[in-house]
Every structure is written in structure tokens, then in C-alpha cells.
Number of protein chains: 2
Amino acid sequence: MRIIRLESNILRDMEPIIYPLCVMELRSTTTASEIAGHLRERILAGEFAPGTRMHQVQLSEMLGISRTPIREALAHLANQGLLIYEPNRGYAVRAFSVEEIRAAFEVRARLEALACGLCARNGLTKPVLARLKACLAEGDALLSKGFLDPDDLAPYRAMNVEFHETILQKSGNPFLGDFVRQCHNVPLASDRVFVWKDYGIITRSHDDHHRILHAIETRDSERAEALMREHVVYASLVLLRMLDEVKAAPKADDSPLRPRRIA
Amino acid sequence: MRIIRLESNILRDMEPIIYPLCVMELRSTTTASEIAGHLRERILAGEFAPGTRMHQVQLSEMLGISRTPIREALAHLANQGLLIYEPNRGYAVRAFSVEEIRAAFEVRARLEALACGLCARNGLTKPVLARLKACLAEGDALLSKGFLDPDDLAPYRAMNVEFHETILQKSGNPFLGDFVRQCHNVPLASDRVFVWKDYGIITRSHDDHHRILHAIETRDSERAEALMREHVVYASLVLLRMLDEVKAAPKADDSPLRPRRIA
DNA sequence: AGTTCTTATTTTGGATACATTAATGCGAAT
DNA sequence: ATTCGCATTAATGTATCCAAAATAAGAACT
């Protein structure tokens, strides 16, 4: 097979500065990426049972588009680890064992801890610190009632995501954010999809946030790393405990899923 | 948009044990995946300059196939982080800064260290230990000449890959292997694509392998983790030093790229 | 001469049609 | 009754075609 060097578009390569408008957040998202996001949500929500085959024609009829963007979306999801692909057999929803969920948390704990330590080591700018402080303040406000209002759960979750995402983004290491995001693709192993309903545990978790930001502000990277690691590890323990309880008593499906203190 | 639950193939879901032959390594790879692997190698080899647009028609004519599998392969590579995708603009070879290469090593060091510590903590089976010992023996043999034969470089690299891959696979955490493999997709940041040509450094690196296996055998997870972390961190330092030297003297393009001792 | 608007070409995104491979069902033989 | 084998069916993989968007080129204007 011959070796041919593709010629590059000189203008775009050399002077990207003259195309500022093109770089803006136009986001003329293609339908394939929309489908991918759509299916991603539904898979993470547990709508498709693990092992379910994702038939392309079926999906195309269901969504009213042709197979081409479907295929692209499925390939994308397979690369993200949500689907399993076998040549000439198609895609199927990946089944995650409890052990894999634990493994995802284990890696996530290390990566987020590293990101947190890097933030402390390198220092954050004042606007970023202000953003994190705003997260703390919002959490304080939501928890000030002394109990957890179900209506406050969604905003608390959003705040939690922003706190963690900000630290990841400002760590200066783009791979940390990428990989942690992949960990969140494991169903149930994500703060984004699920959050505890126990006021005590959430309060403690939010107190961790306070300490984490303090460690970052005082540039104590060791402490910041240790705090974040424990913060995530404990979340995994709570979740795994809940999964155990659910498995032990699958009949009470609508039970409040109250986690108990692990110690 | 209606919600339709896809029916799953009961047989495959419930009794995977009765399909042992299907699970075997048939690998009837589709052309799209072949193309993806092919392009991946060429990109990592630096054949396509960073920023180069990957025109689909151009590639399809070059490779003698239609655009469809090309598109699938490009999407795959973009998901792996080798290409950048912009809607309606296509794919371009991603440019990695030195800082990103360093970041990839930083994450890789932590992840491989964790994998190594887990192997020590959980213990490895005798056949796996034997495989690692075989790697050590092969390295010993290749380095016994007292200098590095260029012909031995490829087998040494293969041995090195197997040593690291074995530890990752046997760590019991599948995400570690996945993420480390993604780190290897960063050009130059991979043992697989590039290996040092300095006998002293390779000897020291191989000595690390000896100590790492010793730590695993003695179930000293702390030591195993620390050793592997330093093992990878030092590799990054050597590479970054080389990149600095290349950048400092870009004229001598065919220079031997000899790294110096860093201390 | 430089700038801007319009037009033409190129390239990507999506739809459809065809080829190939795996799964299924039926039937016969053991 | 079970199993093996063949034919059928269905699903995936690939090629081609059309539409839309972006880029490039050119003409008109300041």
C-alpha cells in the first residue's frame, strides 16, 4: 500500500486566529451525535436492559431516521464503553457487574484525587476559586433546612457535578477529565445519574467539599488528594451497600433505598 | 418520542455458556476496523502531520474502498482521541502539545502504579508469574551482550509491552487497561511506538522490571506501586528531555537522539 | 487596491440499495 | 427424541446517491 502524504489546509493550520467565528460555540450538532446523546441517556437510565441487542433497523424505525447516523451513534457509544460490539453481530448493551462498578469507582477515586492535588499544587485563579465557593454556598443553602427537600435534590446534584467538573477542568491535565467522564458512563457509578437520599450522608459529603476547597486554597496538595480520594471512595461504599441491600430484598422495589452508616 | 423496550435475545443473555465457540477469538475483523487500525498506526508513526485534514474521498481513493468504512474508522479514531472532529468540517489529525504528552504520562504513571499495586495486593497465579518471569528472562538475554543490538530492539519492545500489559490485565480492574491504552494513543507517549536507544537507560528500566516482579511476588503493594510509578515517570522524563533536544537542534534530524542521564 | 457580496465547487451528512455474513427453522438421519 | 445439515431469513457491512453545509473563487462595489 502506497504512502501518500495528505496536503494540509495551510490557511487553517497556520492562522487559526483569523477564524474566530468558526471556533465559537455554534454547535450545529449533527443528528448522529444527537442520537448518541439520546441513546446514552436512555441506556444510563436503565431503559435498555443489559445484554439487549441494539438492532439498527429497529432503532432507525423507532427514531425515524436512516441507519447511517444510527451506526455512527452506536459506534460512539461502544467506544465510550456503554455498548459491546462484535463484528457482523452488532451492538449490545454492556452489562456491568458489581465488581466493575467498584472498579470504576476505584479508578475515579485515584484520578479525581490526582486532579484535586494538582489544583492545590498549581493553585487556582480567583474566579475559579469563586466558582467553587459559590458551589459551597449553594450547597450550604440547600442543606440549611435541616432535612433534604426532594425538590432540592436536582439542584444539589447539579452543584455537585459543577464542583467536581471544575476541579477536573482546572487540574491542567485533560486526560483526567476524559477518563473520569468515561467512569461516569458506567451505570450507577455516577453522581450525575444517582445521588443518595440520606441527609446525613449528603451533609458529610458536602462538608468534604468544604475541606477540599480549604486544602486547595492553602495549597496543601497531599491533603487535597487524600480528601478527594476518600470522598469518592466513600461514595462507592455507600452505593455498593445500597446495591447489596437491593439485591438482598428485591421485592421491596419501591423502598426508599436508605443507606446505612458504613463503619 | 415513544419509548420502546427492545426485546433481548433470551438465549444469549441467560446461557452464554452454551456458546463457547462463538466467544473464541474468531476475529473476522470488518474492513472498517482494519482501516481504523491501519490509519492509527500511520498517525502514531507521524506520517500525517498534526492538523492535517483527513478528507474522506481522498482516503477512500487512496485505500480503494468506499467512504462508508472510512467514515466509521475516522469516527473511531476521533473517539480514541487521535483525531479532532468538527461537525460539517470533518476530521483532522490532533496536535498534541508537549504538555499534553507529559499529562498522558502523568496519568499513565498513576494508573499503571495502581494496577501494579493491585497485582501485589491480590496476588498473581503461578502461570501469570511464570509469564512475567519469562519476560524478565528474555530481557536479560537481550541485554546480556553488554550493548544494544538494533535487531534486538523490536523483541525488547514486544517483551516490554507484554510485561506491562500482563500486569494491567491481571490487576482485576478493566478500566486501568482501557485508560492506559488510551494514553498510548498519544503520539510519542507510548512504549509501543518508541523506545530509547540508550543501553544504560534500558538496562536500568529492565532492572526496574525485576524489582517490580519481586515486589509483586512478596505481596508488597506499596513498593510495587511506588516502583511502577517511578518506572513510568522516569520514562516520561527521558522522552521529554529528548523532545527538548530535538526542538533545540532541529537541523540534525538524523542524529541518534541519545538521551542523557537526568538527575 | 481592498472589501464585500454572490456564485460555484468541494466536502461532509444522511438515505437508500446491494452484498455478505450470521442466525433461524425445517427436515432427515441416527 | 436428538442432532446434524441444508436452506431460508434476517441482520450487519459496504457502496452509491442525494442534500446541505462550508469553503473557495470571482465579480461588483467602495
Side-chain angles (χ1 to χ4, degrees), chain A residues 6-16 18-24 26-38 51-78 83-93, chain B residues 6-16 18-38 51-78 83-92:
Chain A
L6 296 178
E7 65 206 20
S8 57
N9 185 324
I10 304 291
L11 259 182
R12 288 205 63 78
D13 297 337
M14 303 302 285
E15 300 177 3
I18 69 172
Y19 290 91
L21 292 175
C22 301
V23 182
M24 280 178 59
L26 301 180
R27 293 294 138 204
S28 72
T29 64
T30 178
T31 64
S33 59
E34 276 180 34
I35 296 298
H38 175 78
T52 304
R53 298 283 294 273
M54 301 295 273
H55 292 279
Q56 298 171 3
V57 285
Q58 214 166 340
L59 288 170
S60 68
E61 288 169 5
M62 182 194 305
L63 301 172
I65 57 175
S66 87
R67 271 178 56 210
T68 308
I70 295 280
R71 283 177 61 91
E72 203 158 324
L74 292 178
H76 192 79
L77 296 175
L83 300 177
I84 294 292
Y85 171 71
E86 286 177 87
N88 294 316
R89 296 265 325 273
Y91 298 86
V93 178
Chain B
L6 297 178
E7 65 206 22
S8 58
N9 185 323
I10 304 290
L11 261 182
R12 287 204 64 78
D13 297 338
M14 303 302 285
E15 301 176 3
I18 68 172
Y19 290 90
L21 293 175
C22 300
V23 183
M24 280 177 58
E25 295 271 351
L26 300 180
R27 293 292 139 206
S28 71
T29 65
T30 178
T31 64
S33 59
E34 277 181 32
I35 295 299
H38 176 77
T52 304
R53 300 283 292 275
M54 301 294 273
H55 293 279
Q56 298 172 1
V57 285
Q58 213 166 342
L59 288 169
S60 68
E61 289 168 5
M62 182 194 305
L63 300 172
I65 57 176
S66 90
R67 268 179 58 210
T68 308
I70 296 282
R71 284 181 54 175
E72 203 157 323
L74 292 177
H76 194 79
L77 296 175
L83 300 177
I84 295 292
Y85 170 72
E86 286 177 85
N88 296 316
R89 299 261 327 272
Y91 299 86

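In what follows, chains are A, B, ... by sequence order, proteins preceding strands, each numbered from 1.
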With rounding to the nearest 0.5 angstrom, report the CG to CZ distance, Leu74(B) to Arg67(B).
10.0 Å

If you compare every side-chain N and O of Thr68(B) against the phosphate oxygens of dT14(D) (OP1, OP2), does one of them come in below 4.0 Å?
no

Can you name the nearest heavy-atom pair linking Ile70(B) to Ser66(B), along with the distance?
CG1-O, 3.4 Å

Scanning both residues in full, the closest heavy-atom pair of Tyr91(A) with Ala78(A) reads CE2-CB, 3.7 Å

Please report the distance, rounded to the nearest Å, between CG in Leu63(B) and P in dA15(D).
11 Å

Hey, does the side chain of Thr30(A) come within less than 4.0 Å of dG14(C)'s phosphate (OP1/OP2), counting only N and O?
yes

Rounded interatomic separation in angstrom, taking CG from Leu74(A) and P from dA11(D):
14 Å

Measuring from atom OG1 of Thr29(B) to atom CG of Asn88(A), what distance do you get when rounded to the nearest 0.5 angstrom?
9.5 Å

Show the nearest heavy-atom pair for residues Ala73(B) and Ile35(B), with the distance to one decimal.
CB-CG2, 3.8 Å

Footprint string (nucleotides 7-12 of chain C, 5' to 3'): B base within contact, S backbone only, - free, heavy atoms under 4.0 Å
-----B

Expressed as a whole number of angstroms, how long is the span from Ile35(A):CD1 to dG14(C):C1'?
12 Å

Out of dA15(C), dT14(D), dG14(C), minimum distance to the side chain of Ile65(A) belongs to dA15(C)

Whole-Å distance, Ile70(B) CD1 to dG13(D) P, equals 16 Å

At what distance, to the nearest 0.5 angstrom, does CD of Gln56(A) lie from CZ of Arg71(A)?
5.0 Å

